[in-house]
Amino acid sequence: MEVVVQRIFKRVLLIFAGSGLLTNAMYVYGLGYYQGYVEAFGFEYAFFSIDWANAIVWTYYASRELGVNLIIVMGTYPHAVLVIFPTVYLFARVWSSLTAETTTSNVQATNANGLKNYRSKVRYVRFKATHPFLFAYILKPLAWLFAKEQAFFAFLASYFFLFILCLLPLFVSIWVFLPSVGNQHGQLVVSEYLNGKNGKICERTENGWNPCVSIKTKHLKEYNPTIEEEVTGLIILKNGSYVGLYTESGSITMTLPQGFYYKNEQL
């Protein structure tokens, strides 16, 4: 039973790695994370949409946030190490035991069938020597055809069964549920960031740098004369001429002036 479970598990891993599901899952999660990130800051995704190829960058940002949260959890609950390491060790021991049992069972099966295989080979050699024409033009092609047909249908049956039970639900989960999970993750990261700021988004960092940028709006006066002369906030997003500026009064989507200069001074 353990040998069957091990073979099925290895086959599932082979299908999962070879089908490209893992790579697509990373892109899907990164795109969902980015959409949640944009929406949490109050911006419209249509202004700051990204290409499919760039979604992997946001997968990196999502994984980095997960790593930071894991470090925080490990620092808050150091006893979690006592659970993680024994679990990894137990999994490694079980895997090595299954491999050892597979090798032993194969050796025992070979020794038990040794005499039977020897007798079959003797009969095979005698038949080949006695009926060379029948063996060469009839039995050998039929044996080849039967072996190929049997191998093909065995492959089709085994992998189709795994596809229905494992690959198809996994495919549906990736394309249906994973974007929502990434979206929620992006919104959660932004929510924790803003809550940590307590409304003071332009407060200088520990190194003395000002995270906010001030932009003149003179080039936008023709569009709306009531716009303030200057806006200050965090540059969250940029796509072409559009820039997403998060201020203390709300989210602003605007275009940068043709000539732009900004100098940040460290205190």
Any chain of hydrophobic side-chain contacts (each under 4.5 Å) joining [X] to [Y]?
X: Met254; Y: Ile235; answer: yes
X: Leu188; Y: Ile236; answer: no
X: Ile252; Y: Tyr45; answer: no
X: Leu237; Y: Val213; answer: no

Show the atom names and distances, to 0.1 Å, of all donor-acceptor pairs under 3.5 Å that link a side chain in residues 26-44 to residues at least two apart or in another chain.
unit_1	atom_1	unit_2	atom_2	d
Tyr29	OH	His185	ND1	2.8
Tyr34	OH	Phe48	O	2.4

For residues Cys212 and Leu234, report the shortest heavy-atom separation together with the two atoms involved. SG-CD2, 3.8 Å
Residues Pro211 and Cys202: closest non-hydrogen pair is CD-O, 4.1 Å
Pairs flagged by side-chain hydrogen bond (donor to acceptor under 3.5 Å, both in side chains) wherever residues 211-220 is involved - sequence neighbours left out: Ser214-Thr232, Lys216-Glu230
Once you round to the nearest 0.5 Å, how far does CD1 of Ile56 lie from OG1 of Thr23? 7.5 Å
Looking at CD of Glu229 and CG of Leu220, how far apart are the two atoms once the value is rounded to the nearest 0.5 Å? 11.0 Å
Atom pairs and distances, side-chain donor-acceptor, residues 240-248, under 3.5 Å, sequence neighbours left out:
unit_1	atom_1	unit_2	atom_2	d
Thr247	OG1	Ser249	N	3.4
Thr247	OG1	Ser249	OG	3.2
Thr247	OG1	Gly250	N	3.2
Thr247	OG1	Gly250	O	2.6

For Phe47, does the CZ atom sit with more than 12 other heavy atoms under 6.0 Å from it, leaving out its own atoms? no
Just checking Tyr262: does its OH atom have more than 12 heavy atoms from other residues, nucleotides or ligands closer to it than 6.0 angstrom? yes
Among all residues two or more places apart in sequence or in another chain, which pass the side chain to side chain contact (heavy atoms under 4.5 Å, CB included) test with Asn207? Thr205, Trp209, Gln266
Stepwise, does the side-chain contact (heavy atoms from CB on, under 4.5 Å) test hold for Asn183 with Gln187? CA-CA 6 Å; Asn183 189 289; Gln187 294 188 24; 2.7 Å; yes
Pairing residues for Lys238 by the salt bridge (Lys or Arg N to Asp or Glu O under 4.0 Å) criterion, not counting sequence neighbours: none
What pairs of residues pass the salt bridge (Lys or Arg N to Asp or Glu O under 4.0 Å) test when at least one of them lies in residues 187-211, not counting sequence neighbours? none
Quick check: do Asn24 and Trp52 have side-chain heavy atoms less than 4.5 Å from each other? yes
Check: Asn210 side chain, Asn264 main-chain N or O, donor-acceptor pair, under 3.5 Å: no
